[in-house]
Amino acid sequence: MSELLATIESFCEAFQLDDDLIGDAYEQVGARGRSILKNAIAAQYDVFSPDAIVRSSTSHAAFDDGLIQCNQQPVSTVVIAFSSLTAAAPLLALVVPAMTSGAPEVMCIGLCDVSGKAGGISVQMPRPEVLAGLELAGVENILSCSLEQCREFLQSLVLQQPVEQGRDILCFGLGLKAGSDLFPETMPQICFRLPRIGIFPDDFSVDLEALEYAFVGADVELWNMDEAQMGAGFSCKTGSFSDFCAVSYDGVLVGPDAQPFASTVFPVVMGPGSEGLWLYPQCHRELFLQRQYVVNF
C-alpha cells in the first residue's frame, strides 16, 4: 500500500462515524423520510447514469499529418467537506455525481469544531437526514472531524503526492464559511454555497414535509402561502409572478404553466413532486475526469 493510500485509510479509521450512529439516523428519519431521500437519489442517478463511459482514449487528425490524442479517466479520490448544518438535498447533489463518476474513493466529511459548534450553533454531528441520505446513496466513508483536522489531512495528501499528479484528488466544499481556508492551494477544489430556492405554488400544493426533510436549514422562500402552514425555518413572501421572477434565486419550484418562462430566468427549474431534489448545474460528470493530451505535429 502506498503512503498516500495509508494516510487516507488511517484518517478514515480515526474519524469514520459509527455504524450504530448512522443506523440510528436511518431509523430516526422514518419510512417517509427515507422515501423522500430515495426518490431524490433515484432522480439524480437518472441524470448521472453510471453506465456512461468515463474512461476513454480518442485520437484526432491535426493539420500537416499531426495527431492529437486525448486520454481521460476519473480522478482517484473525491473529498466532499460540508458544514454540519448542511441540508440533505444540496449534499446529495454533489455526492451522487461523484458516486457515479467512476472515482474509486469518495469521502464525505462533516465539519464541526472540537467544541461541537458549527456556524455558531451547537451541532455534534451532521443532521440525521443527511446521514441517512449518504447511507442510501451508498457512501462508505462518512466521517466527522474539525476543520483543523480536515485541513491537516488534506495538506498531508498534497505533501505525499507530486504536484503534477495533484489532479488525482478533487475536493468539494459545501456551505463552508467564507475565509475557512480549508483546501491547500495546489489541490483542485470547487466550493458550493447552499442554494437559495423560491417556490411559487400558484396551481399546485407544495409537499412541505419533503421540503423539510431535504432543505431544513436552507434558504427557502414560499410565495403567497399561509405562514401558519409552512415548515420551520422557511420564510414567506407575497407578490406577483413578475415579482417572484425578479428575485435572484438559484432555483425555483413552479407549476407547469410557469415553467417555460421560468426556464428563461433561473438556472434550475423544478416542478411539483420535486420538493426533495436539488441539482447543481455546475456539478457535472466532466468535473470528475482528468484529461491527458498527447500532441504531435
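From a predicted model like this one, the values you see are computed outputs, not experimental measurements. Position 1 is the first residue of the sequence; numbering continues from there. In what follows, every heavy atom counts, from backbone to side chain, and hydrogens, waters and symmetry copies are set aside.
When side chains are defined from C-beta on, Leu131 counts as touching Leu17, because their heavy atoms get closer than 4.5 Å. Side-chain contact between Phe266 and Cys245 is present, with at least one heavy-atom pair separated by less than 4.5 Å. Using a 4.5 Å heavy-atom threshold, the side chains of Leu94 and Leu174 count as touching. Residues Phe261 and Val254 have side chains not in contact (no heavy-atom distance under 4.5 Å, counting atoms from C-beta outward). For the pair Leu111/Ser83, no side-chain contact is recorded, criterion being any heavy-atom separation below 4.5 Å from C-beta on. For the pair Cys108/Asn141, no side-chain contact is recorded, criterion being any heavy-atom separation below 4.5 Å from C-beta on. Looking at heavy atoms from C-beta onward, Ile68 lies out of side-chain contact with Val294 at the 4.5 angstrom threshold. In this structure, the side chains of Gln290 and Gln73 come closer than 4.5 Å at one or more pairs of heavy atoms.
Contact between Leu279 and Ala93 at its shortest, heavy atoms only, is CA-CB, 4.2 Å. The shortest non-hydrogen separation linking Ala262 to Val252 is CB-CG2, 4.3 Å. The two atoms that bring Pro128 and Ala25 nearest to each other are O-CB, 3.6 Å, heavy atoms only. What you find for Ala81 and Cys150 is that their closest heavy atoms are CB-SG, 4.5 Å. What you find for Cys191 and Phe183 is that their closest heavy atoms are SG-CE1, 3.8 Å. Summarising the geometry of Ile41 relative to Ala137, their closest heavy-atom pair is CD1-N, 3.7 Å, with the distance given to 0.1 Å.
Leu37 and Leu21 fall within a single hydrophobic cluster, where Ile, Leu, Val, Met, Phe, Trp and Tyr are joined by side-chain heavy atoms under 4.5 Å apart, directly or via other members. Taken together through direct or relayed side-chain contacts under 4.5 Å among Ile, Leu, Val, Met, Phe, Trp and Tyr, Val78 and Tyr45 form part of one hydrophobic cluster. With hydrophobic clusters built from ILVMFWY side chains whose heavy atoms lie under 4.5 angstrom apart, Val29 does not share a cluster with Val216. Side-chain heavy atoms closer than 4.5 Å link hydrophobic residues (I, L, V, M, F, W, Y) into clusters, and following such links, possibly through other members, connects Leu154 to Leu147. By the criterion of side-chain heavy atoms lying less than 4.5 angstrom apart, applied directly or through intervening Ile, Leu, Val, Met, Phe, Trp or Tyr residues, Tyr280 is grouped together with Val220 in one hydrophobic cluster.
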- Message: One pair to check against side chain to side chain contact (heavy atoms under 4.5 Å, CB included): Leu157 and Thr7. What are the steps and the verdict?
- Response: CA-CA 7 Å; Leu157 296 186; Thr7 298; 4.1 Å; yes
- Walk me through it: do Arg291 and Cys70 pass the test side chain to side chain contact (heavy atoms under 4.5 Å, CB included)? CA-CA 7 Å; Arg291 288 190 174 94; Cys70 175; 4.0 Å; yes
- Message: Checking Thr100 against Arg285 for the side chain to side chain contact (heavy atoms under 4.5 Å, CB included) test, could you report, in this order, the C-alpha distance in whole Å, the side-chain angles of both residues, the deciding distance, and whether it holds?
- Response: CA-CA 8 Å; Thr100 61; Arg285 181 173 299 278; 4.0 Å; yes
- Go through the steps for Met107 and Cys12 under the test side chain to side chain contact (heavy atoms under 4.5 Å, CB included), then give the verdict. CA-CA 9 Å; Met107 305 171 62; Cys12 289; 3.7 Å; yes
- Could you go through the side chain to side chain donor-acceptor pair (under 3.5 Å) check for Glu13 and Ser10 one step at a time? CA-CA 5 Å; Glu13 289 178 355; Ser10 176; 5.5 Å; no
- Would you sort out whether Arg32 and Asp207 count as a salt bridge (Lys or Arg N to Asp or Glu O under 4.0 Å), showing the intermediate values? CA-CA 12 Å; Arg32 168 66 170 150; Asp207 187 342; 2.5 Å; yes
- Going through the checks in order, is the salt bridge (Lys or Arg N to Asp or Glu O under 4.0 Å) test met by Asp243 and Lys237? CA-CA 10 Å; Asp243 298 329; Lys237 301 191 72 171; over 6 Å; no
- Item | CA sep, side-chain torsions, deciding dist, call: Gln69, Asn71, side chain to side chain donor-acceptor pair (under 3.5 Å) | CA-CA 7 Å; Gln69 180 176 327; Asn71 305 316; 2.9 Å; yes
- Yes or no on salt bridge (Lys or Arg N to Asp or Glu O under 4.0 Å) for Glu221 and Arg196, after CA distance, side-chain angles and deciding distance? CA-CA 8 Å; Glu221 295 179 344; Arg196 184 186 183 193; 3.2 Å; yes
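No donor-acceptor pair closer than 3.5 Å links the side chain of Tyr249 to the backbone N or O of Val268. The main-chain N or O of Gly273 is found under 3.5 Å from a side-chain atom of Glu275 such that the two form a donor-acceptor pair. In terms of modelled atom types and a separation under 3.5 Å, the side chain of Asp250 and the main chain of Ile197 share no donor-acceptor contact. Between the side chain of Arg127 and the main chain of Ala88, no donor-acceptor pair closer than 3.5 Å is present. Looking only at distances, a side-chain donor or acceptor of Gln149 sits under 3.5 Å from a matching main-chain atom of Ser146. Put simply, the side chain of Glu129 never gets that close to the backbone of Ala87: no donor and acceptor are under 3.5 Å apart. A distance-only check finds no donor-acceptor pair linking the side chain of Ser84 to the backbone of Gly110 [under 3.5 Å].
Both cation-pi conditions hold for Arg34 and Tyr26: the charged atom is under 6.0 angstrom from the six-membered ring centre and inside a 45 degree cone around its axis.
Among residues two or more places apart in sequence or in another chain, the ring-ring contact (aromatic ring centres under 6.0 Å, His included) test is passed with Phe82 by none.
Separating the OG1 atom in Thr238 from the CG atom in Asn224 is a distance of 6.0 Å, to the nearest 0.5 Å. In this structure, CD1 in Ile109 is found 9.5 Å from CZ in Phe15, a value given to the nearest 0.5 Å. How far CE of Met99 is from CG of Leu92: 11.0 Å, rounded to the nearest 0.5 Å. For the atom pair Ser274 OG and Leu277 CG, the distance stands at 6.0 Å (nearest 0.5 Å). With rounding to the nearest 0.5 Å, the separation of CD1 in Ile80 from SG in Cys171 is 10.0 Å. Atom CG of Leu136 is separated from atom NZ of Lys38 by 6.0 Å, given to the nearest 0.5 angstrom.
Looking at Phe234, Phe241, Phe244 one by one, the single match for ring-ring contact (aromatic ring centres under 6.0 Å, His included) with Trp223 turns out to be Phe244.
Aromatic ring centres of Phe288 and Phe172: separated by under 6.0 Å.
The aromatic rings of Phe215 and Trp278 sit perpendicular to each other, their planes meeting at more than 60°, with 30° as the lower class boundary.
Glu140 CD: 12 or fewer foreign heavy atoms inside a 6.0 Å radius.
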